[in-house]
J.: 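If you scroll down you'll find the structure; I have some questions about it.
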Amino acid sequence: MVRRQVREIIREACDRCKGSGFLPREIELDPIIETPRDQEHGDYSTNIAFLLASKVRKNPQEIARFLVEHMDFEKVCDKVEVAAKGFMNFYVKDAVWRDTLKRVSDEGLDSMFPNVGDGRKVLIEFVSSNPTGPLHIGHGRGAAVGDVLANVLMKTGYVVVKEYYVNDAGKQIDTLGQSTYARWRELEGHPIPFEEHFYQGDYVKDIAALLAERRDSIPPHKDEAIRFMARFASDEVMCGIERDLADFGVVFDNYFRETRLYENGEVDETLKTLEAQDYAYEKDGALWFRTGLFERDEDRVLVKSDGEKTYFASDIAYHKNKFERNFDLLIDIWGSDHHGYIPRLRASLEALGKDKESLKVLLIQFVTLLKDGKPVGMSTRSGQFTTLKEVLDEVGRDAARFFFLMRKSDAHLEFDLDLAKKTSNENPVYYVQYAHARIESIFRVAMDEGIEAASLRDADVGLLTLKDEIALIKGILTFFDVVEGSARSLEPHRITFYLLDLVGRFHSYYNKTRVIGDDRGVTLARLLLLDMLRQVIRSGLSILGVSAPERM
RNA sequence: GCGCCCAUAGCUCAAUUGGAUAGAGCGCUGGACUUCGGAUCCAAAGGUUGCAGGUUCGACUCCUGCUGGGCGCACCA
């Protein structure tokens, strides 16, 4: 908003300088307008003089001075300074900040989010955990990142579809069937060896117990029984996964089953296409994809010599299917242990004539759970993993989601269970939520004193004259920049950091300044400020999927 | 052996994507409640950004080489 006005001022000045012959007419620049971290350097600054310096072979400072002389900034800025090195610093008028706040208040938050997506369609595929066991903590992090990223993109003008890819075909489902069968035989008193590669978790026993209750529906022959149990168990596990996700506040638009790709013949069709273009070849009785043609990676098997298709084969078909559904952007969110898989998938998309740049893969690093300051071990095979459900039961949805978004997704995350449970100042979730509850409380008091919510419309923002108040306004308005940056960089964790910073300013302001006082005009103006603040906190928390309580 | 990611205050992490004097929280030390919620605030201490070069007006950020950690390198998914 204000940034755009500053950009316009710079553009005008450049045009004027071109007219005067100082700058060559053909020069085109898109200057970066940034907010300096040091307040002393103004509200915005630009590096345009440095960019021009190399093109017109003049001193950056000289260019900056000349630009400022030809600049018509009085409407927006008190002053524009040229710093020693050549930065141009813009000092925005307090009145401009106040008026912008008032405008947001009048027009509503939702109309202020920048339209980054412009209606483009995005498919975000995430979690996609195999239906062979419950979600663990790592899936939880992926779920939080995917869900919040979806919210961010929706706010900024994208049309978003959230999809879960269900690997309900292949060997691991078969193993689940065998594991269930073995547990069932134990229950029936006819145990068979429980092999090491079977799924060890107790949930398999629970499912076997369910089956024991409906013995009649189990086919008599072992192979058929295993197949039946595989289906039954994976459906059961999938139900549990959906339930855990719902408890976590994550709802998918679509569950896409791998078996569907086989049933529709899409896998075979994809393989035929690749073969026809000589991107696939036979060797040693297997069908190989020429990954090396497109990426620095080895050729990979699509069809094994036993005739079985690999996961890679169906995954190519899956991504082809995504493109055919006319998405402009595909986002895959994977565990970072799958990073080696990226080159071959990108290669396959290129082979199919798709733009591989329209696939973005976000990698989620591992989560280490800490309890009593010590890491809690996890391993799917041994059944020792900590499930998402356990963490949710322990710390609650709000803390879990917030904690998952306190780190860049490709950085290791240490999740301190004790800290997440604490209802104290050390817990960052409470720090943010407390600010909201505190503002709500102030409004309750204001109501008691006979101030109507509607009267905020008549508040005179000109009465917000304190330095802290201008700083708060700037903080509030930064929200829209942060959401934009979050969308452009696909980094949802920025929202978390922003909120912590914003409410920090509020708490500080609160401790110094009384909101409700004798002067009704000032009171109203401050209430308007706080109203915008709570709206931004609410909006930010709702993007994170975290509640904004009125009382705590 | 090859590839990807990470390395920043005692600890956990930021740093506007190449910008100005590298910032927060926790912890430590000292302070603030007769008034809107002390689940809060204020102040102080804490750094050769793993090491060595390079690119340029300018590097935590980009390039090269080391060191140390994580993860991959299947006719598994």
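A note on names: the letters A, B, ... follow the listed sequences, proteins ahead of strands, and every chain is numbered from 1.
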J.: Using the C1' atoms only, state how far B:U49 lies from B:A7, rounded to an integer number of Å.
T.: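 Roughly 9 Å separates the two C1' atoms.
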J.: What integer number of Å spans the C1' atoms of B:G23 and B:A9?
T.: 10 Å
J.: Would you please enumerate the stems RNA chain B participates in, each stem being three or more consecutive Watson-Crick or G-U wobble pairs with both distances under 3.5 Å?
T.: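 Runs of three or more consecutive pairs: B:1-5 with B:69-73, B:10-13 with B:23-26, B:29-32 with B:40-43, B:50-54 with B:62-66.
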J.: From C-beta outward on A:E34, which listed nucleotide comes closest to its side chain: B:C75, B:C13, B:U16?
T.: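 That would be B:U16.
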J.: Just to be sure I understand the rule, does A:N89 reach a base, reach only the sugar-phosphate, or reach nothing, if contact means heavy atoms closer than 4.0 Å?
T.: base
J.: Using only heavy-atom distances, decide whether a donor-acceptor pair under 3.5 angstrom links the side-chain of A:S305 to the base of B:C75.
T.: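 Indeed, a donor on one side and an acceptor on the other fall under 3.5 Å apart.
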J.: Are the charged groups of A:E469 and A:R505 less than 4.0 angstrom apart, N to O?
T.: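 Salt bridge flag = no for A:R505 with A:E469.
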J.: Would you say the ring centroid of A:F113 lies under 6.0 angstrom from that of A:F479?
T.: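 Yes: the rings meet the under 6.0 Å criterion.
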J.: Which nucleotide sits closest to the side chain of A:D410: B:C36, B:C6, B:U12?
T.: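 Closest of the options to the side chain of A:D410: B:C6.
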J.: Can A:F404 and A:F415 be said to form a ring pair (Phe, Tyr, Trp, His ring centres under 6.0 Å), step by step?
T.: CA-CA 8 Å; A:F404 281 135; A:F415 192 119; 5.4 Å; yes
J.: What does A:E491 touch in the nucleic acid at a heavy-atom separation under 4.0 angstrom: a base, only the sugar-phosphate, or nothing?
T.: base
J.: Consider the side chain of A:R514, meaning its heavy atoms from C-beta on, and name the nucleotide among B:U35, B:C75, B:U17 that approaches it most closely.
T.: B:U35
J.: Check this one for me: any side-chain N or O of A:Y434 less than 4.0 Å away from OP1 or OP2 of B:C41?
T.: no
J.: What does A:F497 touch in the nucleic acid at a heavy-atom separation under 4.0 angstrom: a base, only the sugar-phosphate, or nothing?
T.: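 Here A:F497 touches the backbone only, sparing every base.
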J.: Between B:C4 and A:R296, is there an OP1 or OP2 to side-chain N/O distance shorter than 4.0 Å?
T.: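 For A:R296, the contact criterion (side-chain N or O under 4.0 Å from OP1 or OP2 of B:C4) is not met.
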J.: Do A:F87 and A:F50 have ring centres separated by under 6.0 Å?
T.: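 Aromatic pair counts; centres sit under 6.0 Å.
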J.: Check this one for me: any side-chain N or O of A:K304 less than 4.0 Å away from OP1 or OP2 of B:C76?
T.: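 Result: yes.
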J.: Would A:Y311 count as stacked on B:C76 if the rule is ring centres under 5.5 Å and plane angle under 30°?
T.: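 By the stated criterion, A:Y311 and B:C76 do not stack.
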J.: I would like to know whether A:S234 and A:D168 meet side chain to side chain donor-acceptor pair (under 3.5 Å); could you show each step before the answer?
T.: CA-CA 7 Å; A:S234 70; A:D168 57 348; over 6 Å; no
J.: State which of B:A77, B:U12, B:C36 makes the closest approach to the side chain of A:S441.
T.: B:C36
J.: Taking 4.0 angstrom as the limit, do A:K422 and A:D418 come out as a salt bridge?
T.: no
J.: Tell me whether A:H338 and B:A77 count as stacked here, given that the ring centres must be under 5.5 Å apart and the planes must differ by less than 30 degrees.
T.: yes
J.: When the P atoms of B:C13 and B:A20 are considered, how many whole Å apart are they?
T.: 24 Å
J.: Compare the minimum distances between each of B:U12, B:U17, B:C41 and the side chain of A:E414, then state the nucleotide with the smallest one.
T.: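 Side chain of A:E414 sits closest to B:U12.
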J.: Closest approach to the side chain of A:V515, judged atom by atom: which nucleotide of B:G19, B:C36, B:G37 is it?
T.: B:C36
J.: Taking B:C41 as the reference, what is the distance to B:U56 when you measure between their P atoms (whole Å, please)?
T.: 46 Å
J.: On the 0 to 90° scale, with breaks at 30° and 60°, tag the A:H507-A:Y431 ring pair as parallel, tilted or perpendicular.
T.: tilted
J.: With centres under 5.5 Å and planes under 30° as the test, does A:F87 stack with B:G19?
T.: no
J.: Rounded to the nearest angstrom, tell me the gap between atom CD in A:Q433 and atom P in B:A39.
T.: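 My rounded result for the distance is 15 Å.
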J.: Indicate whether OP1 or OP2 belonging to B:C42 is found under 4.0 Å from a side-chain N or O atom of A:S508.
T.: yes
J.: Considering only atom C1', compute the distance from B:A52 to B:G68 and round it to an integer number of Å.
T.: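 To the nearest whole Å, 15 Å.
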J.: Picking from B:C73, B:A20, B:C36, which would you name as closest to the side chain of A:V445?
T.: B:C36
J.: Output yes when at least one side-chain N/O atom of A:R37 is less than 4.0 Å from OP1 or OP2 of B:G23, else no.
T.: no
J.: A:F366 vs A:H412 aromatic rings, parallel, tilted or perpendicular, using cut-offs 30° and 60°?
T.: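 Answer is tilted, since the angle falls between 30° and 60°.
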J.: Please test A:F126 against A:Y164 for ring pair (Phe, Tyr, Trp, His ring centres under 6.0 Å), starting from the C-alpha separation and ending with a verdict.
T.: CA-CA 6 Å; A:F126 59 111; A:Y164 186 125; 8.3 Å; no
J.: Which whole number of Å gives the distance between the C1' atom of B:U61 and that of B:A15?
T.: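 My reading of the C1' atoms in B:U61 and B:A15 gives 10 Å.
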J.: Taking the nucleotide of RNA chain B with the closest heavy atom to each, which residue, A:S45 or A:N167, is nearer the 5' end?
T.: A:S45
J.: Figure out the CZ/P separation between A:R300 and B:C75, and round it to whole Å.
T.: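 Checked: the CZ to P distance equals 8 Å.
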J.: For the base of B:A77, is there a side-chain donor-acceptor partner from A:D315 under 3.5 Å away?
T.: no
J.: Need one value for A:T478: base, sugar-phosphate or nothing, where a base atom within 4.0 Å counts as base even if backbone is also close, heavy atoms only.
T.: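 Nothing, no heavy atom under 4.0 Å.
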J.: A:H493 vs A:F497 aromatic rings, parallel, tilted or perpendicular, using cut-offs 30° and 60°?
T.: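 Taking A:F497 first and then A:H493, their aromatic rings stand perpendicular (interplane angle over 60°).
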J.: In whole Å, I'd like the distance from the CG atom of A:L419 to the P atom of B:C11.
T.: 17 Å
J.: Out of A:K356, A:R300, A:R290, which residue meets the salt bridge (charged side-chain N to carboxylate O under 4.0 Å, His left out) rule with A:E295?
T.: A:K356
J.: Rounding to an integer number of angstrom, what distance separates B:G46 and B:C28 when you compare their C1' atoms?
T.: 10 Å
J.: Just label B:U17 as syn or anti from its O4'-C1'-N9-C4 or O4'-C1'-N1-C2 angle, using within 90° of 0 for syn.
T.: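 Here the answer is syn: the torsion falls within 90° of 0.
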J.: Picking from B:G19, B:C75, B:A20, which would you name as closest to the side chain of A:V301?
T.: B:C75
J.: What's the closest nucleotide to the A:H339 side chain, out of B:G72, B:C57, B:C41?
T.: B:G72
J.: For B:C71 and B:C60, measure between their C1' atoms and round to the nearest Å.
T.: 24 Å
J.: Which of these nucleotides, B:C73, B:A77, B:A39, is closest to any side-chain atom of A:N130?
T.: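 Selected nucleotide: B:A77.
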J.: Is A:Y341 close enough to B:C73 that one of its side-chain N or O atoms is under 4.0 Å from OP1 or OP2 there?
T.: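 Negative; the distance criterion is not met.
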J.: Need to verify one output field. Residue with the more 5' nearest nucleotide on RNA chain B, A:G504 or A:E550?
T.: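 The 5'-side residue here is A:E550.
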